Amino acid sequence: TPQVDDIIPLDYLKKHGFVIEADKVEELKRDLSISTEELMYALINPTKQMARPPISNYHVGAVGLGSSGRILLGVNIELRGFPLNQSVHGEQFVIANAVRTGEQRLERV
């Protein structure tokens, strides 16, 4: 299984708030000789590493493509002492990330 650092440095993701800017997306596609869809798919498993599921221990990674060309990442987050229905799902994280960054539309999740 590829690690986050195999595709993009984890420090980049931490610095950019789970967002890969459009120019970086294009650079990665060119360097790896893959399509946008292939890059999104390749990021799912590595993104799971950043999930925080202390209750279920089930790691979820989600990837979305904004209309700006940015790739937005999301993970599930569970909070100890709270029921699982209070958790954040990976897809919810992607949508919240899109709103936070001013995306006008999500093309794919």
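All values below come from the heavy atoms of this structure, side chains included, with hydrogens, waters and symmetry mates left out. Residue numbers run from 1 in the order of the sequence given. Worth saying up front: this structure is predicted, and the values here are computed from it rather than measured.
Scanning for salt bridge (charged side-chain N to carboxylate O under 4.0 Å, His left out) contacts around Arg100 gives an empty result, with sequence neighbours left out. By the side chain to side chain contact (heavy atoms under 4.5 Å, CB included) test, Gln104 is found to be paired with Ser67, residues two or more places apart in sequence or in another chain being considered.
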### Task
Begin from the C-alpha positions of Arg52 and Val75 and carry the test side-chain contact (heavy atoms from CB on, under 4.5 Å) through to its verdict.
CA-CA 8 Å; Arg52 296 293 177 253; Val75 297; 5.9 Å; no
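Ile55 and Tyr58 fall into different hydrophobic clusters, defined by Ile, Leu, Val, Met, Phe, Trp and Tyr side-chain heavy atoms under 4.5 Å apart, directly or through other members. Leu39 and Leu65 fall within a single hydrophobic cluster, where Ile, Leu, Val, Met, Phe, Trp and Tyr side chains are chained together by heavy-atom contacts under 4.5 Å. Under the 4.5 Å side-chain heavy-atom criterion for grouping Ile, Leu, Val, Met, Phe, Trp and Tyr, Val94 is not connected to Ile44 through any hydrophobic cluster. A single hydrophobic cluster is not seen to contain both Val60 and Ile77; linkage of ILVMFWY side chains at heavy-atom distances under 4.5 Å, directly or through other members, places them apart. At a threshold of 4.5 Å between side-chain heavy atoms, the hydrophobic network of Ile, Leu, Val, Met, Phe, Trp and Tyr places Leu106 and Phe93 in two separate groups.
In terms of heavy-atom proximity, Leu43 sits nearest to Thr47 at O-OG1, 2.5 Å. Across all their heavy atoms, Ala22 and Ser68 have their closest contact at CB-O, 3.5 Å. Taking both residues in full, the closest heavy atoms of His89 and Gln92 are given as N-OE1, 2.7 Å, listed atom of the first, atom of the second, then distance.
A salt bridge between Arg30 and Glu27 is absent, with no side-chain N of the basic residue lying under 4.0 Å from a carboxylate O of the acidic one.
Among Val99, Ile95, Val109, Asn97, the one residue that satisfies the side-chain contact (heavy atoms from CB on, under 4.5 Å) test with Leu72 is Asn97.
To the nearest 0.5 Å, the span separating OG1 on Thr36 from CZ on Arg108 amounts to 7.0 Å.
Listed by first then second residue, pairs satisfying salt bridge (charged side-chain N to carboxylate O under 4.0 Å, His left out) with a partner in residues 59-77 read Glu21-Arg70, Arg70-Glu103, not counting sequence neighbours.
Side-chain N or O atoms of Asn76 include none that pairs as donor or acceptor with a backbone N or O of Pro53 at under 3.5 Å.
Between Tyr41 and Ile34, every side-chain heavy-atom pair lies at or beyond the 4.5 Å cut-off. Between Leu84 and Glu78 the shortest side-chain heavy-atom distance falls below 4.5 Å. A 4.5 Å side-chain heavy-atom check between Met40 and Ile71 finds at least one atom pair inside the cut-off. Put simply, the side chain of Ile20 does not reach to within 4.5 Å of the side chain of His16, judged on heavy atoms.
In this structure, Tyr12 places its OH atom where more than 12 heavy-atom neighbours from other residues, nucleotides or ligands lie under 6.0 Å away.
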